[in-house]
There are 2 protein chains.
Amino acid sequence: MASGHIPEATVARLPVYLRSLGELAASGASTTSSDVLAELAGVNAAKVRKDLSYLGTHGTRGVGYDVRHLVFEVSQALGVANTWPVVVCGLGNLGRALAKHTGFTERGFPVVAAIDVNPELVGRTVDGVPVHPPAALAEIVRTLGIAIGVVATPSAAAQGTADRLVAAGIRSILDFSPAVLSVPHYVEVRAVDLSTELQILGFHLQRDLPPLPPV
Amino acid sequence: MASGHIPEATVARLPVYLRSLGELAASGASTTSSDVLAELAGVNAAKVRKDLSYLGTHGTRGVGYDVRHLVFEVSQALGVANTWPVVVCGLGNLGRALAKHTGFTERGFPVVAAIDVNPELVGRTVDGVPVHPPAALAEIVRTLGIAIGVVATPSAAAQGTADRLVAAGIRSILDFSPAVLSVPHYVEVRAVDLSTELQILGFHLQRDLPPLPPV
DNA sequence: GCTTGTGAAGAGATTCACAGCA
DNA sequence: TGCTGTGAATCTCTTCACAAGC
């Protein structure tokens, strides 16, 4: 199948496949199967095959997939050859951790700037990342070619920060605040809400653990 | 409709509704509608009504929902009255940020202990959270009644950490490592992979921005 | 009037199961 | 023989559209 349109659910799994393939390559495997890849990625084999079919990939029936070729195809689809510079907004606990996080740069998402309202931070660097005031956003987005904004501010400041990111031309936002951001339709927001995740876990704990409390 | 079974997709939205209802209550509203709630939660009104119908809730036709009553019902469904103590494993940048994060305690997920392999940290406290060695896991889970384990170790250590959490009796894991954890079926894992999120944003940037590069 | 609650329709994702091919 | 690629079936979630009821 041609890669005309890849379903969202598939896109969300491609990074996992890519990482799994990396492990396989590191372990010296030159060939793999949908079964093995499924095991590594934590999904089932039919899903792996269907997902890969959207990439227009061609494994070999009776044999499997060539690891190196598959890495190439998945990388291609994800566009990992591109580099998308990131700005981190808000240098609280989480923002600082994100700014320091080296894994981003390795994957093509270098944190090239940070924004904070604290005048004591502005003008300094935090782990090599220069800190700017909010007013400087539009300019640094332009001069540094920033493509993605990370919102790590307190939730009260999140919407204002998002507005400023959008005004500065950013079209992709990763939001760590608990707030629901309101942005134009052409801006993509991915929300990572840690409290929500915990509450979902809590829901299932509550459901599964007690075999119904006695009256 | 009775709350016999709530779809996963609905469960994942309940925390968002709860937060939105909190904002409404804070702004003094005593009544609301599926429209208003939808706007605040960033979804559409039909979804709100369908979701709430799973809770067996009763709004008033022609009027809307009583905010206070709805807060009660959603809270009830999520079990937010419960407190689920959390242990954070791995005190790198991210782990430390999570340990310091006060929002968790407020929502019923107090971080009561941390685990790290670094002997210089063990025995000390990080922002009031006592640090234990990995070997102490089973004991602190038992004595502190820990329900949820957060994996914030380097990815190489993630599976081992998960194994130890499971052995210690933990059934709910929030995983921040890029690794896919392999756990028994009765253990629920929620993975929050920051690089994956960025790669998904990158995929769409690649797709949407260039109107196809010229040959 | 206005807004909920919900069957029914629609869209999307997953899984099945097997034909096709090395 | 063994594994891929994929239509068809199934399941899940979303959206529609309207009757029910304040």
Side-chain angles (χ1 to χ4, degrees), chain A residues 1-17 20-21 24 29-71 73-74 77 185 200 203-204, chain B residues 1-17 20-21 24 29-71 73-74 77 185 200 203-204:
Chain A
M1 183 177 287
S3 56
H5 179 249
I6 305 181
E8 265 310 298
T10 297
V11 172
R13 281 187 294 268
L14 292 181
V16 183
Y17 296 149
S20 303
L21 287 167
L24 278 171
S30 66
T31 269
T32 189
S33 67
S34 58
D35 265 315
V36 171
L37 199 43
E39 167 73 18
L40 287 173
V43 300
N44 70 39
K47 206 181 276 181
V48 169
R49 291 200 299 276
K50 178 81 64 174
D51 283 342
L52 295 181
S53 79
Y54 291 117
L55 309 187
T57 182
H58 285 288
T60 310
R61 292 167 200 242
V63 178
Y65 300 92
D66 179 75
V67 172
R68 194 138 46 180
H69 186 235
L70 207 46
V71 167
E73 291 193 292
V74 177
H185 69 277
I200 295 170
F203 172 84
H204 294 298
Chain B
M1 183 178 285
S3 57
H5 178 245
I6 305 180
E8 266 309 298
T10 296
V11 172
R13 281 187 294 267
L14 292 181
V16 183
Y17 296 149
S20 303
L21 287 166
L24 278 171
S30 66
T31 268
T32 190
S33 68
S34 58
D35 264 316
V36 171
L37 200 43
E39 167 73 19
L40 288 173
V43 300
N44 70 38
K47 206 182 276 182
V48 169
R49 291 201 298 277
K50 180 76 73 174
D51 283 343
L52 295 181
S53 79
Y54 292 116
L55 309 186
T57 182
H58 285 287
T60 310
R61 291 166 200 243
V63 179
Y65 300 91
D66 180 75
V67 172
R68 194 139 47 180
H69 186 235
L70 206 47
V71 167
E73 290 194 291
V74 178
H185 68 277
I200 295 170
F203 172 85
H204 291 114

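Just so you know, these numbers use all the heavy atoms, side chains as well, and skip hydrogens, waters and symmetry mates. All of these numbers come straight from a predicted model, not from anything done at the bench. Lettering follows sequence order; numbering is per chain, from 1.
Rounding to the nearest 0.5 Å gives a distance of 11.5 Å between CG of A/Leu52 and NE2 of A/His58. How far NZ of B/Lys50 is from OG of B/Ser34: 13.0 Å, rounded to the nearest 0.5 Å. To the nearest 0.5 Å, atom CG of residue B/Leu14 and atom CG of residue B/Asp51 are 6.5 Å apart. In this structure, the separation between CG on A/Leu55 and CD on A/Glu73 is 6.5 Å, given to the nearest 0.5 Å. One finds the OG atom of B/Ser33 at 9.5 Å from the CZ atom of B/Arg49 (value rounded to the nearest 0.5 Å). Annotation: the span from B/His204 atom NE2 to B/Ile200 atom CD1 amounts to 8.0 Å, rounded to 0.5 Å.
If you measure from atom CG of B/Asp66 to atom C1' of D/dC22, you get 15 Å, rounded to the nearest angstrom. In this entry the distance linking NE2 of B/His5 with C1' of D/dT12 reads 11 Å, nearest Å. For the pair B/Asp51 CG and D/dC13 C1', the interatomic distance rounds to 10 Å; values are reported in whole Å. A/Leu37 places its CG atom 14 Å from the P atom of D/dC3, with the value rounded to the nearest Å. One interatomic measurement links the two molecules: OH of B/Tyr54 to P of D/dC13, which rounds to 8 Å at whole-angstrom precision. If you measure from atom CG of B/Leu52 to atom P of D/dT14, you get 14 Å, rounded to the nearest angstrom. Rounded to an integer number of Å, the gap from CD of A/Glu8 to C1' of C/dT14 is 16 Å. Rounded to whole Å, atom C1' of C/dA13 lies 15 Å from atom CG of A/Leu14.
A sub-4.0 Å separation between OP1 or OP2 of C/dT3 and a side-chain N or O of B/Ser34 is absent. For D/dG5, one of the phosphate oxygens OP1 or OP2 lies less than 4.0 angstrom from a side-chain nitrogen or oxygen of A/Tyr65.
The heavy-atom pair separating B/Val67 from B/Leu21 by the smallest distance is CG1-O, 4.0 Å.
Map B/Ser33 and A/Thr60 each onto its nearest nucleotide of DNA chain C; the residue landing nearer the 5' end is B/Ser33.
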Polar-atom pairs under 3.5 Å, protein N or O versus N or O of nucleotides 16-20 of chain C: list them with distances, or write none.
| from | atom 1 | to | atom 2 | distance (Å) |
| --- | --- | --- | --- | --- |
| C/dA17 | N6 | A/Arg49 | NH2 | 3.4 |
| C/dG20 | N3 | A/Arg61 | NH1 | 3.0 |

